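Note on naming: letters A, B, ... go to the chains in the order of the sequence lines (proteins, then strands), and numbering restarts at 1 for each one. This one's a predicted model, so the numbers in the text were calculated from it and none came from an experiment.
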Amino acid sequence: GAGVSQSPRYKVAKRGQDVALRCDPISGHVSLFWYQQALGQGPEFLTYFQNEAQLDKSGLPSDRFFAERPEGSVSTLKIQRTQQEDSAVYLCASSLYNYEQFFGPGTRLTVL
Amino acid sequence: AQSVTQLDSQVPVFEEAPVELRCNYSSSVSVYLFWYVQYPNQGLQLLLKYLSGSTLVKGINGFEAEFNKSQTSFHLRKPSVHISDTAEYFCAVGFQGAQKLVFGQGTRLTINP
């Protein structure tokens, strides 16, 4: 069956550019999560949706980061005016039951 | 404070030897425990989980883990490793009342022939 998909898999941006990262969750999964994984580190929580409602955005590092899930399915993570410290792998996960999360392959963002 | 600690950043072992990857957590509420594996340039794959019930859980690829509430640990074990087990392993904890997972820093398992 289809798992969580993310696009693009790799993104190179010049400092100051805006980027948009897409996540397609497993069909029927009501919960969707975004995590940021810096090189050599464990994933860190960014934000959480239940259907279209963003219930927790406590992990977003600055107001340059914005996430949406308007129809309760596909989600987009947008980073405005990218900085070098934004370089990381951005992981999306979806969940049907509490806590058991299924991860996509990630988008590796490199900001030059 | 709620936190997750993986005590070893790297663990080298010989093929067919046993291995234990350690994970400890800190929490004042009930927890749900997971181990994920990450191969190069890939996402996280769930190895096993503890939600409730038996404290010894078995997962994929011959791995198992034991939840020890008194020691707040959830160590991962495998009796005999293979070259294909070379990967990064992450312990993750879900804390009751919050949906997110908190991850440890990861342990790089390297298998030597």
Side-chain angles (χ1 to χ4, degrees), chain A residues 2-10 21 23-26 29-51 53-60 67 69 88-110, chain B residues 1-10 21-25 27 29-53 57 59-60 67 74 76 87-108 110:
Chain A
V4 178
S5 62
Q6 293 185 245
S7 60
R9 289 294 314 279
Y10 303 90
L21 312 180
C23 173
D24 284 83
I26 295 172
H29 280 195
V30 298
S31 299
L32 185 145
F33 303 81
W34 285 98
Y35 292 84
Q36 180 190 60
Q37 186 177 19
L39 188 64
Q41 303 295 317
E44 292 193 358
F45 171 78
L46 293 176
T47 188
Y48 157 62
F49 291 86
Q50 187 171 49
N51 295 307
Q54 189 175 21
L55 299 184
D56 187 351
K57 54 182 181 180
S58 62
L60 295 177
R69 194 186 186 198
V89 175
Y90 291 84
L91 295 167
C92 176
S94 69
S95 174
L96 180 60
Y97 300 110
N98 285 346
Y99 303 107
E100 185 171 356
Q101 298 180 19
F102 296 85
F103 284 81
T107 294
R108 182 178 297 276
L109 173 64
T110 303
Chain B
Q2 298 170 340
S3 64
V4 181
T5 302
Q6 290 183 242
L7 297 167
D8 305 296
S9 60
Q10 296 186 60
L21 306 183
R22 297 180 292 170
C23 174
N24 286 82
Y25 66 90
S27 178
V29 300
S30 296
V31 295
Y32 306 91
L33 302 162
F34 305 85
W35 276 98
Y36 286 87
V37 60
Q38 188 175 38
Y39 299 102
N41 298 317
Q42 294 187 27
L44 301 172
Q45 180 182 4
L46 182 66
L47 274 179
L48 48 76
K49 63 190 177 193
Y50 171 79
L51 301 180
S52 65
V57 293
I60 62 172
F67 171 45
F74 190 56
L76 181 71
E88 190 90 18
Y89 291 79
F90 292 95
C91 177
V93 180
F95 298 93
Q96 189 173 34
Q99 295 296 323
K100 67 182 181 183
L101 294 178
V102 177
F103 285 82
Q105 295 282 66
T107 298
R108 182 175 300 276
T110 305

### Any B:L101 side-chain heavy atom under 4.5 Å of A:Q101 side chain
yes
Is it the side chain or the backbone of [X] that comes within 4.5 Å of chain A heavy atoms, both, or neither?
X     : value
B:Q38 : side chain
B:A98 : backbone
B:K49 : side chain
B:F95 : backbone
B:L46 : side chain

Spacing of [atom1] belonging to [X] relative to [atom2] belonging to [Y], to within rounding of 0.5 Å:
X      : Y     : atom1 : atom2 : answer
B:F103 : A:L91 : CZ    : CG    : 8.0 Å
B:Q99  : A:S95 : CD    : OG    : 7.5 Å
A:R9   : B:Q42 : CZ    : CD    : 8.0 Å
A:E100 : B:F34 : CD    : CZ    : 6.5 Å

### Message
At a 4.5 Å cut-off on heavy atoms, which part of A:Q37 comes close to chain B: side chain, backbone, both, or neither?
### Response
side chain
### Query
Would the number of heavy atoms belonging to other residues, nucleotides or ligands and lying under 6.0 Å from CD1 of B:I60 be above 12?
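Check passes, neighbour count above 12.
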### Residue A:Q54 excluded, over 12 heavy atoms near CD under 6.0 Å
yes
### Query
For the side chain of A:R108 and the backbone of B:N41, is there at least one donor-acceptor N/O pair under 3.5 Å apart?
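Flag not set: sc A:R108 to bb B:N41 has no pair under 3.5 Å.
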